[in-house]
J.: 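Structure in structure tokens, see below.
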Amino acid sequence: MEGFIGYINSVLPDKGGNRILYKFKKKTLDEMTQRANEITSRGLNNRKVVDDLIISEYPNLAEDYKAYYAKEREAQRTKKGVIYNLIGSGLYLLFVIIMYLGISFTTKAWSMTWAIIVDGVLLWVDYLLMLGVLKFTHMKRIFHIFARICLAGAVIIFMVALFLFFVAIMDLRHGWLIVIFGLIFMFLADGIYASAAKHRLAIINWLIYIPVISVFAFIIIGVLHVMPWGAAWIIIPLSFVLDFVIIMLAIGKNKLEKMEVADTWNEN
């Protein structure tokens, strides 16, 4: 064991107060000791040979520690983040309740102040969903689908909260259109996320989303009388024209890239 300790300390000198380094050293020493016991139980009793053999199995101890340190620091940050979010969420929800009760008892406008607590909770959920977006985005690409689900949920919930706020404080004639806007923003946000993350099927998403967005835009324009219904419908077929243009541009770009690759090979 002394040989293992000497080797570990020679590669990783002690640093006062570094608990991560201490944990790594103890973990490594325990692994080496267990491995030594396994080897000696098989009949090899020359201690120096056993020590040299096991030490040779840890040639990159400094690099192993760097990876272990990064992992432990990330775990610590995650743990602190969870604690801070739990405390912050509790304080925020308590504040929302106090504000709701305080304003309600002061104004007696219970028919309007309900939006404070409802929107307060919805915005808190929205915050949690955005944390989910950030968390899944920093994971492997396979988990990005969950980031996109969280992003879509966050956009819709925010727009619902906005809709309920206006419903509570005023008689908004076409307030439901806020939800339609929310659906448009949801598709736009997802398409932008897919493009920014360079997802392979991002262009397929846009080809689907553009006609859907055009339908929602048609409804909004018609209801708000921006254009007559009889003229606004042209937005929908134009969306398919835009899809066709995008397809042609993608094909042209793909052909250009292939030509550039072929020219490069020919030059070589």
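The shown structure was predicted, so the numbers you read here are calculated from the model rather than taken from an experiment.
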J.: Take atom CZ of Arg200 as the centre, draw a 6.0 Å sphere, and report whether it contains more than 12 heavy atoms from other residues, nucleotides or ligands.
T.: no
J.: Is there a continuous path of hydrophobic side-chain contacts, each under 4.5 Å between heavy atoms, that joins Phe146 to Leu128?
T.: no
J.: Check for a donor-acceptor pair, side chain of Ser10 on one end and backbone N or O of Tyr7 on the other, with a separation under 3.5 Å.
T.: yes
J.: Can you name the nearest heavy-atom pair linking His174 to Leu224, along with the distance?
T.: CD2-CD2, 4.2 Å
J.: Between Trp206 and Leu188, is there a side-chain heavy-atom distance shorter than 4.5 Å?
T.: yes
J.: Is there a side-chain contact between Val160 and Ile157, using heavy atoms and a 4.5 Å cut-off?
T.: no
J.: Atom CZ of residue position Phe218 - does it have more than 12 heavy atoms of other residues, nucleotides or ligands inside 6.0 Å?
T.: yes
J.: Roughly how far, to the nearest 0.5 Å, is CE of Met159 from CG of Leu162?
T.: 5.5 Å
J.: Treat each ILVMFWY residue as a node, draw an edge where side-chain heavy atoms are under 4.5 Å apart, and state whether Ile142 and Tyr193 are in one component.
T.: no
J.: Donor-acceptor pair, Lys23 side chain versus Glu72 backbone, under 3.5 Å?
T.: no
J.: First locate atom CG of Leu101, then atom OG1 of Thr106, and finally report the distance between them rounded to the nearest 0.5 Å.
T.: 10.0 Å
J.: On a heavy-atom basis, which atom in Leu151 and which in Ala189 lie closest, and how many Å separate them?
T.: CD2-O, 3.6 Å
J.: At what distance, to the nearest 0.5 angstrom, does CZ of Phe4 lie from CG of Asp30?
T.: 11.5 Å
J.: Heavy atoms only: give me the nearest Met130-Ala154 pair and the separation to one decimal.
T.: SD-CB, 3.7 Å
J.: State plainly whether one hydrophobic cluster holds both Ile204 and Met248, where clusters connect Ile, Leu, Val, Met, Phe, Trp and Tyr through side-chain heavy atoms under 4.5 angstrom apart.
T.: yes
J.: Under 4.5 Å between any side-chain heavy atoms of Leu122 and Asp119, yes or no?
T.: yes
J.: Quick one: does Arg141's side chain have a donor or acceptor within less than 3.5 Å of a partner on Ala197's backbone?
T.: yes
J.: Evaluate the side chain to side chain contact (heavy atoms under 4.5 Å, CB included) criterion for residues Val212 and Val215: first the C-alpha distance (whole Å), next the side-chain angles of each, then the deciding distance (0.1 Å), finally the verdict.
T.: CA-CA 5 Å; Val212 174; Val215 172; 5.8 Å; no
J.: Spell out, as yes or no, whether a donor-acceptor pair under 3.5 Å connects the side chain of Ser214 to the backbone of Pro211.
T.: yes
J.: Report the C-alpha separation of Tyr92 and Tyr127 in whole Å, then their side-chain angles, then the decisive distance to 0.1 Å, and conclude whether the side chain to side chain contact (heavy atoms under 4.5 Å, CB included) test is met.
T.: CA-CA 11 Å; Tyr92 168 76; Tyr127 168 74; over 6 Å; no
J.: According to the interplanar angle, ranging from 0 to 90°, do the rings of Phe187 and Tyr209 count as parallel (below 30°), tilted (30 to 60°) or perpendicular (above 60°)?
T.: tilted
J.: Same hydrophobic cluster for Ile5 and Ile55, using side-chain heavy-atom links shorter than 4.5 Å among ILVMFWY?
T.: yes
J.: Who are the salt bridge (Lys or Arg N to Asp or Glu O under 4.0 Å) partners of Lys27, not counting sequence neighbours?
T.: Glu31
J.: Which atom pair, heavy atoms only, marks the closest approach of Asp126 to Phe158?
T.: OD1-N, 3.6 Å
J.: Side-chain contact test, heavy atoms from C-beta onward, threshold under 4.5 Å: evaluate it for Ile246 versus Ile203 and give yes or no.
T.: yes
J.: Working to the nearest 0.5 angstrom, can you tell me the gap between Asn85 CG and Leu131 CG?
T.: 5.0 Å
J.: Can you tell if the side chain of Gln76 reaches within under 4.5 Å of the side chain of Ile20, non-hydrogen atoms only?
T.: yes
J.: Between Trp233 (side chain) and Gly230 (backbone), is there a donor-acceptor pair under 3.5 Å?
T.: yes
J.: Between Ser89 (side chain only) and Leu86 (backbone N and O only), is there a donor and an acceptor less than 3.5 Å apart?
T.: no
J.: Does atom CZ of Phe136 have more than 12 heavy-atom neighbours, drawn from other residues, nucleotides or ligands, at distances under 6.0 Å?
T.: yes
J.: Enter the distance from Asp243:CG to Leu207:CG here, rounded to the nearest 0.5 Å.
T.: 4.5 Å
J.: Nearest 0.5 Å, please: how far is NZ in Lys79 from OH in Tyr84?
T.: 11.5 Å
J.: Take a 6.0 Å sphere around CZ of Phe24 and say whether it holds more than 12 heavy atoms from other residues, nucleotides or ligands.
T.: yes
J.: Assigning hydrophobic clusters by single linkage (Ile, Leu, Val, Met, Phe, Trp, Tyr; side-chain heavy-atom cutoff under 4.5 Å), is Trp110 placed with Met170?
T.: yes
J.: Out of Val133, Thr137, Asn205, which one pairs with Arg148 under the side chain to side chain contact (heavy atoms under 4.5 Å, CB included) rule?
T.: Asn205
J.: For the ring pair Trp114 and Tyr100, is the centre-to-centre distance below 6.0 Å?
T.: no
J.: Are Trp176 and Phe181, when compared by the centres of their aromatic rings, separated by less than 6.0 Å?
T.: no
J.: If you compare all heavy atoms of Ala161 against all heavy atoms of Leu123, which two are closest, and at what distance to 0.1 Å?
T.: CB-CD2, 4.4 Å
J.: Do Leu12 and Thr28 come close enough that some side-chain heavy atom pair is under 4.5 Å?
T.: no
J.: In chain order, what residues pass the salt bridge (Lys or Arg N to Asp or Glu O under 4.0 Å) check against Arg35, with sequence neighbours excluded?
T.: Glu38, Glu57
J.: Looking at every non-hydrogen atom in both residues, tell me the closest pair between Trp229 and Ile219 and how far apart they are.
T.: CH2-O, 3.9 Å
J.: Please assess Lys66 against Glu63 for the test salt bridge (charged side-chain N to carboxylate O under 4.0 Å, His left out), listing each intermediate value before the final yes or no.
T.: CA-CA 5 Å; Lys66 286 182 180 179; Glu63 294 299 321; 3.8 Å; yes
